[in-house]
S.K.: 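Handing you this structure, nothing more for now.
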Amino acid sequence: MWDYAGRDTAIDLGSATVRMHVKDRGVVCREPSLLARSRRTGQILALGVPAQQMAGRNPDVTLVRPIREGAPTETDEAEYLMRHLVRTHHRRHYMARPRLVMTVPSGMTSVHYRALQFSAYQAGARRLTLVPTPIAAAVGMGMTEAGPEIAVIADIGAEVTDVGVIAFGGLVTSHTAHVGGTSLDRSIVALVRREHGVSLSLAAAESAKVAVGAVPPVGRHPMRQAMVEGRDVESGLPRRLVLTTADVQRAIEGPVAKIVDAVRTGLGGCSPEISGELLNVGVTLTGGSARLPGLERLIRERTGLSAWLGDDTGDAAVIGAADVLRTAGAQHPARDITPRPHLLTTVPQY
């Protein structure tokens, strides 16, 4: 009967991309966390990719980002986004009331916690479980199945870098920094405007970052180029510009240093006993912005720990959240009948 009300659902509500996992169906949604709203009427016109395509093309349309720094800042819009996704992918437009698990930054404040709780229940959640992103990512990559092992996760998203150390089934220490892929894009926009007098969109800066972006390499590496289009600041006319790897490297140097400092701060909260074992464990990078070439090497140089990319799709957190819901629900079936949200800070035993 509970499956009739809605299959168990996991949501990774990112600042740039929202991902949804439905029981027995896998990851069913990877949509931009965007809403297009009419300036004249205030009505929501589109969400996801269609809303992204409307950006800057219709003067009556304004883009709304309901998720900032991993938490809802516009509760009504966040509720609309989650309710639309739940009803669409459960194929029951008015009866879907699933058990819902959501990933949250480990340093989420109580204000954001209440906002997320309100939006989730208004969107139709029957039961809400919140899982810190480092725990969800570790479970999604199978790093907790072998028992009381130590794992270090650095989830680098669009606006948040969340670093967590997991030991003996629990989150030992964590650190959340408000820096991510969007900070890199804004730095590229600022450099191009300052040095070339061209105004770029964040989408154009992101495409240049993906095409030629890299952390300053060691040794000789081929220089790559990318063509971007923007608006000349003085004349207001369209203008094309070629960005090289060196240009992007100079632009993102500051935000990349902040990401590495966030990893170092997250590791600094461990006890001496655990710190000694981290040399054999290393740092596992997840999240969409962790794919920047050379980032693993830079972390290795500045922390002394080995680092590698553990998830190249960005789906580890939402898959792990689904596994957490399945396991926690089997161990504590009584939680299904209480509307009180549950914040999970330990790894369920399989």
Side-chain angles (χ1 to χ4, degrees), residues 9-22 26-35 47-49 51-52 55 63-75 77-86 89 100-109 112-113 115-116 119-120 123 128-141 153-164 174 176-186 202-203 206 209-210 255 259 262 285-292 309-322 324:
T9 302
I11 297 180
D12 180 16
L13 204 60
S15 302
T17 305
V18 56
R19 293 175 171 86
M20 175 181 286
H21 182 287
V22 178
V27 180
V28 297
C29 169
R30 300 178 186 88
E31 289 281 346
S33 304
L34 288 174
L35 297 175
L47 59 84
V49 176
Q52 192 176 40
L63 286 183
V64 179
R65 296 182 179 270
I67 310 300
R68 291 297 179 91
E69 299 176 354
T73 54
E74 303 285 345
T75 54
E77 285 76 7
E79 171 196 339
Y80 180 91
L81 176 64
M82 286 189 286
R83 183 172 65 246
H84 177 84
L85 294 177
V86 167
H89 295 285
L100 189 63
V101 58
M102 302 185 68
T103 62
V104 295
S106 57
M108 186 178 66
T109 64
H112 289 159
Y113 174 82
L116 185 61
S119 300
L128 178 62
T129 302
L130 304 178
V131 183
T133 301
I135 291 182
V139 173
M141 290 184 295
I153 301 294
D155 185 84
I156 307 173
E159 295 184 355
V160 173
T161 296
D162 202 354
V163 183
S174 63
T176 301
H178 297 160
V179 61
T182 304
S183 302
L184 307 182
D185 300 338
R186 289 172 179 164
L202 288 178
E206 182 181 8
K209 179 188 66 177
V210 173
I259 292 175
L285 305 181
T286 63
S289 301
R291 290 172 286 180
L292 185 66
L309 185 62
D311 171 38
D312 59 351
T313 63
D315 294 339
V318 70
I319 294 174
V324 165

S.K.: If I compare all heavy atoms of T182 with all of E159, which pair ends up nearest, and what's the gap?
M.R.: OG1-CG, 3.9 Å
S.K.: Find out whether P72 and I67 are in side-chain contact, i.e. whether some heavy atom of one side chain is under 4.5 Å from a heavy atom of the other.
M.R.: yes
S.K.: Please check: side-chain N/O of R83 versus main-chain N/O of Y80, any donor-acceptor pairing under 3.5 Å?
M.R.: no
S.K.: Any side-chain heavy atom of V131 sitting closer than 4.5 Å to one from M102?
M.R.: no
S.K.: Find the distance between CZ (R65) and OG1 (T73) and round it off to the nearest 0.5 Å.
M.R.: 11.0 Å
S.K.: Starting at CG of L128, measure out to OG of S119 and round the result to the nearest 0.5 Å.
M.R.: 10.5 Å
S.K.: Of all heavy-atom pairs between V101 and A322, which one has the smallest distance, and what is that distance?
M.R.: CG1-N, 4.4 Å
S.K.: What pair of heavy atoms forms the shortest contact from T161 to I156, and how long is it?
M.R.: OG1-CG2, 3.9 Å
S.K.: Could you grab the distance from atom CG of L35 to atom CD of Q52, nearest 0.5 Å is fine?
M.R.: 12.5 Å
S.K.: Show your working on side chain to side chain contact (heavy atoms under 4.5 Å, CB included) between V27 and V318 and close with a plain yes or no.
M.R.: CA-CA 8 Å; V27 180; V318 70; 4.1 Å; yes
S.K.: Determine whether H112 and T109 satisfy the following criterion, side chain to side chain contact (heavy atoms under 4.5 Å, CB included), listing intermediate values before the conclusion.
M.R.: CA-CA 5 Å; H112 289 159; T109 64; 3.5 Å; yes
S.K.: Taking atom types as modelled, find out whether T176 and S106 have a side-chain donor-acceptor pair closer than 3.5 angstrom.
M.R.: yes
S.K.: With heavy-atom distances below 4.5 Å as the criterion, would you say the side chains of Y113 and V104 are in contact?
M.R.: no
S.K.: Is a side-chain donor-acceptor pair under 3.5 Å present for D155 with T133?
M.R.: no
S.K.: Just by modelled atom types, is the G181 backbone N or O under 3.5 Å from a matching donor or acceptor in the S289 side chain?
M.R.: yes
S.K.: How long is the gap from SG on C29 to CG on L85, to the nearest 0.5 Å?
M.R.: 4.5 Å
S.K.: Does I135 form a side chain to side chain contact (heavy atoms under 4.5 Å, CB included) with I153? I'd like the steps, not just the answer.
M.R.: CA-CA 8 Å; I135 291 182; I153 301 294; over 6 Å; no
S.K.: Looking only at heavy atoms, which two atoms of G320 and V139 are closest? And how far apart?
M.R.: O-CG1, 3.7 Å
S.K.: Roughly how far, to the nearest 0.5 Å, is the OG1 atom of T286 from the CG atom of D162?
M.R.: 9.0 Å
S.K.: Nearest heavy-atom pair of L100 and A120: which atoms, and what distance?
M.R.: CD2-CB, 4.1 Å
S.K.: Has the side chain of S183 got a donor or acceptor atom that lies under 3.5 Å from a matching backbone atom of V179?
M.R.: no
S.K.: What are the two closest non-hydrogen atoms of M141 and G310, and how far apart are they?
M.R.: SD-O, 3.3 Å
S.K.: Please examine the side chains of L292 and L184, heavy atoms only from C-beta on, and report whether any two atoms are closer than 4.5 Å.
M.R.: yes
S.K.: Measure the spacing between OG1 of T9 and NE2 of H21 and express it to the nearest 0.5 Å.
M.R.: 9.5 Å
S.K.: For residues 11-20, please give each side-chain donor-acceptor pair under 3.5 Å, one per line with the distance, not counting sequence neighbours.
M.R.:
| unit_1 | atom_1 | unit_2 | atom_2 | d |
| --- | --- | --- | --- | --- |
| D12 | OD1 | T103 | OG1 | 2.7 |
| S15 | OG | E69 | N | 3.2 |
| S15 | OG | G70 | N | 3.1 |
| R19 | NE | G314 | O | 3.4 |
| R19 | NE | D315 | OD1 | 2.9 |
| R19 | NH2 | T313 | O | 3.4 |

